[in-house]
Structure formats: C-alpha cells, structure tokens
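All remarks here apply to the structure that follows.
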Protein chains: 2
Amino acid sequence: MKRPTIADIARRAGVSKGAVSYALNGQPGVSDTTRKRILAIAQEIGFNANSAARALSGARARAVGLTLCRPARILGIEPWFMGLISGFEAELGAQSYALTLQVVATPEQEVEVYRRWWGERRIDGVIVTDLRENDLRIPVLHQLQLPAVVIGGSGEESPVTQIWSDDGGAITEAVRYLVALGHSRIARVSGVPDLLHTQVRTKAFNEVCASLGLSDAITVPADYTGEEGSRATRRLLIGGDRPTAIIYDNDVMAVAGLAVAQEMGLSVPGDLSIVAWDDSPLCSLVHPPLTALSRDVSGYGAQAARELLNAIDGKKVGNVKAQTAHLTPRGSTAPPRT
Amino acid sequence: MKRPTIADIARRAGVSKGAVSYALNGQPGVSDTTRKRILAIAQEIGFNANSAARALSGARARAVGLTLCRPARILGIEPWFMGLISGFEAELGAQSYALTLQVVATPEQEVEVYRRWWGERRIDGVIVTDLRENDLRIPVLHQLQLPAVVIGGSGEESPVTQIWSDDGGAITEAVRYLVALGHSRIARVSGVPDLLHTQVRTKAFNEVCASLGLSDAITVPADYTGEEGSRATRRLLIGGDRPTAIIYDNDVMAVAGLAVAQEMGLSVPGDLSIVAWDDSPLCSLVHPPLTALSRDVSGYGAQAARELLNAIDGKKVGNVKAQTAHLTPRGSTAPPRT
DNA sequence: GTCCGGCACTTAACCGGTCAAGTACACTAT
DNA sequence: ATAGTGTACTTGACCGGTTAAGTGCCGGAC
C-alpha cells in the first residue's frame, strides 16, 4: 500500500514527471487534454503531493507555528486561545496551510522553539501572542528573518507586523458606562502586568478615571486565573470603602469575582456591578450573565492569519488595527443601590 | 542569512556530508575526535536539520496530527481539549515531535484531512477523539495503515489502539454517592448521544439506577454547550416531580445548569445537587463550587501520545485503560431538603 | 613480505518533488 | 525551400538529508 508519487502518475499517463508537475500545478507546458488525463489519474489513485519533497525543492513548508506560553490550567479554561485558533484555521485551512502548535513554559523556551522550527524549515511563519514590554522574542524574529505577526501589541511602530485593537478606547467606554449608571467607586482586576496590552488598558483606565474625577479608582494586578481573580476580588470587597463596580481583564476572573461576591452575600448587580473583558459563552452561562467587552476573537485570529500569509508571500504589511471591543450590557451591571 | 546545512558543516570540518550525518546522529563511522569537532561546529553555527529533507529520505515527519471536530463556540470554552493538548505536548515535545492541529466541521472533513496529511507525509500518526458508533474514521485509518490512537472508546476490541477509561464505573460511583446522601430523584444531562462514551455512560447510569430502585431516573440528551445545558435543565426543573440532583456530562453544562437553578430561585445544593463530569478550574470557579468527577486529563493526553509514538515505532499496542474518574465532592452536593 | 580485518572515512544513489534548459514537431511567413 | 515561432513535451540538475557500498590506510598475524 505504497503512497503514490508523481512518478506513478507519469508512468500511467505515459508522460514524464515534469509534465505531471506542470499539469498538477496549473502551469503552462502541457496540453489541455493531457492535463485532464493527468488530473483524472491523480484523482483516481488518490494522489497527494509529498509535502517534504515540495518543501525541499525551495517551496514553502505550508505550515505556520503557534506557541502557547501560559500554564496549562489557565490555557484550558480561557476561551480566548481557542477562539483565536479557530480563526486561524478558517484562514489557513482555506489555503491548505497547517497549524503547528507547541505549549511552552517560558518566553526563553518559546524563542528556542522558533529557532528550531525555522532551522528545520518546519514552518513558514509564526503567530506571536502576549507581547511584553521589550519582548525578547522580537529581536530574535527579526534576526532570523522569520515572518511573523504579533497579536496584542500597542499599535506602535515595530519591526514586526502587529494586529492590535484599541483597548484603551474600549475600557474608556466601559468606565463611562458605569459612571453613567451612577457608579463612582470603580476598581479593576487586571491581567499579567508585564503584558503590553495590560499596560495600555491600565493607562487608559487611570486616565479616564482621572478625567471623570474618580479618585479611588485602583487596579489590582492578577494573572488571568480564577484563583487570582478571586483573591483580588476579596481584597477589593473587604475594605470599608468597597467599590460598587469592578472591571476584569478576562472572563475567567470575572466569573471568579462573581462567585466571590455571591459567597460574601453581595448581590450582583445590586451591590456590585461586574464587567468582563472578552465576551465568551462563559459570560452568558453564569447567573446573572455578565456584561462584557465583546469582540470577534475568531475574526481577529482570521485577520492575523491573513496578514501572516501576506508576510510569508513577501508582501510588506504594516500594523493592522482590528475592531475595537464594544460593550455588551447584560445582567451584571446596574445602578448602584443607594 | 542562509540557514546552514550539513554541507556547510562538512566544508568547515573538512569532511564529507556523510561523515557529518553519522556524527550528528550518533552512528558509528566517525572517530570520537571528529565527532566532537563536528558537533561543536553544528552548535556554533546553530544548525538544525531540515525536517523536509529528513522526512524525504525515508525517515519520519516527526509530527502527529489532531483534528478537532466541534463547533468553535464550544471548543473555546471546554477545558477538556486544552488539557488533552497540553498532555500531548508534554510527551511529544520531549521527543521533539510537533503537533499539527486542524479544526473541522464534520467527520467527513476529518477523514479528508487524515487522507491529505498522510498522503502528504506531513504526519506520522493521528490522535482521534470523540469516537462514535460505527465510526467512519476507523475503517479509513485502517485502510491507510495510518498509525492512530483513539481517545474515549469503550474499551472493546478494535482495529485501532484505544485509550479508554471506565466511565461506567465512575458514573455508578456518582449515583451511589447521591443515593447515600438521600437523593432518590436523580436526572442526567448527557453529551452528544452519538458518541460512544455517552452511550457507555447512559447504559451504566440506567443500570445503576434500576438496581437501586430509582424508577424515574431519566437522561436528557444535550450537546455539551451551555445553551443546551440550560435548556435541558429548565426542562427537568419545571416538571412537578423535579429531580433533587442532576449529573451533567461536562463542566460547561453543569455551570449552565447551576445558573438556571439560581435564576429559578432554587438553592444549590439545598433544592438541587449538581455533579459535573470532568473536573476543571471552571468547577471551582463558580459559587457554590461544583462536585465533579475528576480525572487527570493532561495525564490522559500524555498516555495517548506515548501510545501513539509506540504505534508509530511499529510496536503493536493493545487497548490501554486509563485511570477511572473519581468523585471530588464540593459545595454543590448535599442531602436534599425534606 | 604479504595478506587480512577493521576503522575512518568518501562516494554516490536515493527520497519526490520543482523548474530551467533542451528537443521534437507542426504550422506560418517569406 | 527555409527560417522562425510556438506548443508540448522531455531531460536532468537540484533541494538537504540518509545510507549502502566503496576506498585507503594502519596494525597485526603468519
């Protein structure tokens, strides 16, 4: 049960390997009748071009890489990555590019994986997530000349293409909404402070709160996990002057915060309003359903994949701004009880 | 910035390509001093073997494939797959195998992807999830002679290696526990009924309920999504003789069920006890935290990857039984209010 | 002195594609 | 009749590894 090669097709069609190659790739050099005959034979014997051979003769590997650098326990539960991945796939699958995945523990390992993949010619490009300040991956990507697209940058000038969204604008909208409802003590539980988009959000949050005269608007740093989300929420709620609204940097922490409030006997949204960043089915799953900053994560992923394919094709692409997250009000926000 | 090849190493070391190949692969045929020299040069110039060239000359592709066949909205939120994936990685990474991922919409597409991957020599084997009755993928895998490991079979004889766990035993434990607490009206919200492990669970659930004399133990089929979980729960709770305990086939539906109960003003666990299948951080996140049937999903994945690598190496492996899920009691179960 | 075995390499074929260069033939223009 | 042009192929090199077969040389046995 040997897998067929173009030589098999050539033999059956009575032509040379080269002719078969031209026929299969839609290149000129064979007549229409011959081409049809060859395609029919290929179809019949279930031919698929050996990707290794193709990659070896100068062509692409037709695969892109993605590394996930978060602890497994949070990876599993956060809908964000899977949304992103299904977006990539939608685009990559259409061009029959494969997606190669690697879970890593540290950014250093991540860099190692990039080096290895690229050295092995296993991939044509990578998608980079969770950009940090002075990210050590960027100079390596640049040095390797490895086509890449960064997700979640700040939109500033960068040697690597970025797909970014206006997180500052989104959080400003959320704060204004809460203030319009009558809230004046608004807190925030953030994601990992090292991440660039966390910093963008923190800055915008501080600015809008200052401009609206909210003096005690504080941000408690956390790490996207439920445990940290609970801890941060408890810290915020045990104080005497507890906030009447909390904005969370992801859905998982928001759900954890909701549970803490319920556990402490606080009513949501009566005693506490909750806003989650990044809408997902998780937000509509709980009671009350969470008001969220929604965006089309999967579309975001598809856009990133599209830009990466462009970069691989040598088209120089600049930073791309994706849709800004918009507020989806649900049951977890209301005017504060007086 | 051309990427180095063994020819580059050979030139610098003043030996032939063949010698370099022997040296790098730890094969006999070169002296110890030469080998060390070659390895040092390889290290210095950052050599990585071209995976395409290696794969082309008869060797392995050093990659395995995984297809995910669930709608994106549920893929994202279910921790199960990510747990599995990080388990695979732990094992594959150690052997420097890559994991290639593809999201598909239907089992037919899945089969197509297998055919293409195998035809392209892109992968050495696949991991198959969500086994169905008379699964159409199994004969194809067998016909292609594509090394594979099936996750979530029933443990019965099969032409393809299975990693399975005793789901019947686990659900029996859960029912007995609820009965011991004093419950007599126990319902179940199941996953997709086509899946083999759903059938195993349903059968065992019916049997244990019958043997314990629980006459109105019913299973409402759902599809693992929160929406269906809510709907099924509502249906169960609006009846006059509503159950005092519900077992859900995954954590997402259990959380949705909890929200429905709260929304209807029922207290959990006072009026309704809830048990989730497959523990995950999600279960401890909500209030009250959910009693769950736990197992080491990531370990399960690692075991599957290990068996697949064995199968790829030509070692004939039989079915492997993984650890049975065990009950982790939390706040969502209690004796029913009288 | 020579024959033999073994070590440390080299040589070259091979994997299965791609693609530039070459060839054979028909048809047209002069 | 002859050159020129285009079409429809064939030929063969090449990508970067692996590996069977070949070579040169050294040391030891007879």
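As the structure is a computational prediction, the values presented were derived from the model and not from experiment. Proteins come first, then strands; the chains are lettered A, B, ... in the order of their sequence lines, and each starts at number 1. Both backbone and side-chain heavy atoms feed into the values below; hydrogens, waters and symmetry mates do not.
- Rounded to an integer number of Å, the gap from B:I38 CD1 to D:dG17 C1' is 14 Å.
- Residues passing the salt bridge (charged side-chain N to carboxylate O under 4.0 Å, His left out) test with B:R37, sequence neighbours excluded: none.
- With sequence neighbours left out, the side chain to side chain donor-acceptor pair (under 3.5 Å) criterion links B:S57 to no other residue.
- Evaluation of the side chain to side chain donor-acceptor pair (under 3.5 Å) rule for B:Q303 yields no partner, not counting sequence neighbours.
- Not counting sequence neighbours, the partners of A:R122 by the salt bridge (charged side-chain N to carboxylate O under 4.0 Å, His left out) test are A:E120.
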Under 3.5 Å between N/O atoms: give me all the protein pairs with nucleotides 16-19 of chain C, atom names plus distance.
unit_1: C:dG16; atom_1: N2; unit_2: A:A53; atom_2: O; d: 3.4
unit_1: C:dG17; atom_1: OP2; unit_2: A:I6; atom_2: N; d: 2.7
unit_1: C:dG17; atom_1: N7; unit_2: A:K17; atom_2: NZ; d: 2.8
unit_1: C:dG17; atom_1: O6; unit_2: A:K17; atom_2: NZ; d: 3.1
unit_1: C:dT18; atom_1: OP1; unit_2: A:N25; atom_2: ND2; d: 3.3
unit_1: C:dT18; atom_1: OP1; unit_2: A:R54; atom_2: NE; d: 3.1
unit_1: C:dT18; atom_1: OP1; unit_2: A:R54; atom_2: NH2; d: 3.4
unit_1: C:dT18; atom_1: OP2; unit_2: A:S21; atom_2: OG; d: 2.6
unit_1: C:dT18; atom_1: OP2; unit_2: A:N25; atom_2: ND2; d: 3.2
unit_1: C:dT18; atom_1: O4'; unit_2: A:S57; atom_2: OG; d: 3.3
unit_1: C:dC19; atom_1: OP2; unit_2: A:Q27; atom_2: NE2; d: 3.3

Under-3.5 Å N/O pairs linking protein and nucleotides 4-8 of chain D:
none

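- Judged as a side chain to side chain donor-acceptor pair (under 3.5 Å), the pairs with a partner in residues 88-104 of chain A (not counting sequence neighbours) are, in order, A:E91-A:R306.
- Among residue pairs with one or both ends in residues 100-111 of chain B, those qualifying as salt bridge (Lys or Arg N to Asp or Glu O under 4.0 Å) are B:E110-B:R137; sequence neighbours excluded.
- B:E133 pairs by the side chain to side chain donor-acceptor pair (under 3.5 Å) definition with B:Q199, not counting sequence neighbours.
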Extract all donor-acceptor atom pairs below 3.5 Å that involve side chains of residues 20-31 of chain B and protein atoms in other chains or at least two apart in sequence.
unit_1: B:S21; atom_1: OG; unit_2: B:N25; atom_2: ND2; d: 3.4
unit_1: B:N25; atom_1: ND2; unit_2: B:S21; atom_2: O; d: 2.8
unit_1: B:S31; atom_1: OG; unit_2: B:T33; atom_2: OG1; d: 3.2
unit_1: B:S31; atom_1: OG; unit_2: B:T34; atom_2: N; d: 3.3
unit_1: B:S31; atom_1: OG; unit_2: B:T34; atom_2: OG1; d: 2.7

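- With sequence neighbours excluded, the residues that form a side chain to side chain donor-acceptor pair (under 3.5 Å) with A:R11 are A:D8.
- Direction of the helix axis in the helix from C:dG1-D:dC30 to C:dT30-D:dA1 shifts by 70° between the two five-pair termini, rounded to 10°.
- The closest side-chain heavy-atom distance from B:L309 to B:L92 is below 4.5 Å.
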